[in-house]
There are 2 protein chains.
Amino acid sequence: MNKEKAHDEFKLFLKAGKHRITPERFEVLSYAFESGDHFTADDLYLEMKNGKSNVSRATVYNSLELLVKCEMLAKRNFGENKTFYESSYNRKNHVHLICKECGEIIESNNIKVAELVNSIAKKNNFINESFQFNILGKCKKHSK
Amino acid sequence: MNKEKAHDEFKLFLKAGKHRITPERFEVLSYAFESGDHFTADDLYLEMKNGKSNVSRATVYNSLELLVKCEMLAKRNFGENKTFYESSYNRKNHVHLICKECGEIIESNNIKVAELVNSIAKKNNFINESFQFNILGKCKKHSK
DNA sequence: TTCAGTGCAAAAACTTTGCAGGAGG
DNA sequence: CCTCCTGCAAAGTTTTTGCACTGAA
């Protein structure tokens, strides 16, 4: 997704939900999309501060939640007790492989995951909305 | 796993790792196995305090980590920023279905999950040690 | 003009650490 | 007797909240 399209989509979402259109929210959007694949709210806040942005920590947290609600970002959580965000555009059904040695996060797309999720949900009378699928272990470099 | 067997297994593990055999560690073990399927360290600490146990918070955290290391408990994390523990006895390869409405956690066992994990790991030159597989959505009661 | 959104700092929630005293081996 | 473990409290981390002010509609 390019930046302009993202900007417009977020704007529409804000209007629809009667949230105000503020420059701070678009600043967060812009940094979020320039940031790496997986970042935390605080990382982004510090990055923005470095980049001479004056957006406050509270606003960063708030704006990221709005971006999750409008499905432009997805929340992840990899075992440490902190929340990561990632762009969710065109990224359904993917799995994270997380190296316990170096923390590297590899993403893998596998068509069978979605099928499996649906079949498990169905079997348990459960309405599937999203999933987290993390495989923990050692990456190639650290498998000694 | 019955309580005595668990006690013995933990004892052997402690000896093997040159950890001391202390009454506090076995108290934590005992409460952990009487506690629900998924509990946090702090929940357990408060429960123990209620139960007139004098074990400190630090010791609860420490002992739970030892129980994870000896593979009697598994660490989980369901999207909120806190660590849950669960008994890992006879519970490889299971998936959690978490209701966003009421927080209920359903467990599902599915033989295909392990196969899929192994095949994804292999494809990415990754050594699979464990996984987290959570499906988020609505349970039967809340699917309206 | 109005009130949602903002910045700031304080509080909250969960976990880890430092230290002095106590008990396991 | 030597340390590892313990309890306690303090500190650390990440996230949320309260409050007074500001700016979007």
Side-chain angles (χ1 to χ4, degrees), chain A residues 7 10-29 31-32 38-70 73 75-85 103, chain B residues 7 10-32 35 38-70 73 75-85 103:
Chain A
H7 187 287
F10 192 31
K11 199 164 168 180
L12 284 174
F13 166 82
L14 291 174
K15 279 195 175 173
K18 310 209 169 167
H19 299 288
R20 289 190 177 160
I21 312 288
T22 70
E24 288 85 357
R25 287 174 172 168
F26 291 100
E27 259 189 90
V28 172
L29 171 66
Y31 273 84
H38 304 95
F39 58 89
T40 69
D42 223 61
D43 290 346
L44 199 71
Y45 166 69
L46 295 172
E47 220 172 278
M48 292 180 74
K49 199 158 196 178
N50 252 354
K52 310 299 172 221
S53 177
N54 285 313
V55 175
S56 72
R57 189 174 256 119
T59 299
V60 172
Y61 276 86
N62 162 31
S63 301
L64 289 174
E65 284 311 296
L66 287 170
L67 286 164
V68 170
K69 280 208 185 101
C70 94
L73 294 180
K75 252 179 168 170
R76 301 282 173 193
N77 147 322
F78 300 116
E80 298 163 276
N81 291 320
K82 51 185 166 177
T83 302
F84 285 84
Y85 294 88
Chain B
H7 187 287
F10 192 32
K11 197 164 168 181
L12 283 174
F13 166 81
L14 291 173
K15 279 196 174 171
K18 309 208 169 167
H19 300 287
R20 289 192 177 157
I21 313 287
T22 70
E24 289 84 358
R25 286 174 174 169
F26 291 100
E27 259 189 89
V28 172
L29 172 64
S30 165
Y31 273 84
S35 198
H38 304 94
F39 57 90
T40 69
D42 223 61
D43 289 345
L44 200 71
Y45 167 69
L46 294 172
E47 222 172 278
M48 293 180 73
K49 199 158 196 177
N50 253 354
K52 312 299 173 220
S53 177
N54 286 313
V55 175
S56 72
R57 188 172 256 118
T59 299
V60 172
Y61 276 87
N62 163 29
S63 301
L64 289 174
E65 284 310 297
L66 288 170
L67 286 164
V68 170
K69 280 207 185 101
C70 93
L73 294 181
K75 252 179 168 170
R76 300 283 173 192
N77 147 324
F78 299 116
E80 296 165 276
N81 291 319
K82 50 185 166 178
T83 303
F84 285 84
Y85 293 87

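So you know, we letter chains A, B, ... as the sequences are listed, proteins then strands, and number each from 1.
For DNA chain D, the span of nucleotides reached by chain A at under 4.0 Å from its heavy atoms goes, 5' to 3', from D:dT14 to D:dA25.
Look at A:Arg20 and you won't find any side-chain N or O under 4.0 angstrom from OP1 or OP2 of C:dC3. Taking 4.0 angstrom as the limit, A:His19 places a side-chain polar atom (N or O) nearer than this to OP1 or OP2 of C:dG5. Taking only side-chain nitrogens and oxygens, A:Thr22 never comes nearer than 4.0 Å to OP1 or OP2 of C:dG5.
No option in B:Arg76, B:Glu65, B:Lys75 other than B:Glu65 meets the side chain to side chain donor-acceptor pair (under 3.5 Å) test with B:Tyr85. Put simply, the residue from A:Thr22, A:Asn62, A:Leu44 that forms a side-chain contact (heavy atoms from CB on, under 4.5 Å) with A:Val28 is A:Leu44.
Using a 4.0 Å heavy-atom criterion, one finds that A:Thr40 contacts no nucleic acid atom at all.
Atom-to-atom, OH of A:Tyr61 to P of C:dG7 comes out at 15 Å; the value is rounded to the nearest Å. One atom, CG of A:Leu66, and another, P of C:dA4, lie 14 Å apart when rounded to the nearest Å. With rounding to whole Å, B:Leu64 atom CG is found 14 Å from C:dC14 atom C1'. When rounded to the nearest whole Å, the span between CD of A:Glu80 and P of C:dT16 equals 11 Å. If you measure from atom CZ of B:Arg57 to atom C1' of C:dA13, you get 10 Å, rounded to the nearest angstrom. Atom CD of B:Glu24 is separated from atom P of C:dG22 by 14 Å (rounded to the nearest Å).
Comparing B:Glu65 and B:Lys15, the nucleotide of DNA chain C nearest to each residue sits closer to the 5' end for B:Glu65. The nearest heavy atom of DNA chain D to A:Asn81 and to B:Arg25 marks one nucleotide each, and the one closer to the 5' end goes with B:Arg25.
Using a 3.5 Å distance cut-off with no hydrogens or angles, the side chains of A:Glu24 and A:Thr59 do not pair a donor with an acceptor.
To the nearest 0.5 Å, atoms CG (A:Asn81) and NZ (B:Lys82) are separated by 10.0 Å. Distance check, rounded to the nearest 0.5 Å: NE2 of B:His19 to SG of B:Cys70 gives 9.5 Å.
Taking the six-membered ring where the residue is Trp, B:Phe26 and B:Phe10 present perpendicular rings, their angle passing 60° and hence far from 30°. Classified by interplanar angle (parallel below 30°, tilted 30° to 60°, perpendicular above 60°), the ring pair B:Phe84/B:Phe78 is tilted.
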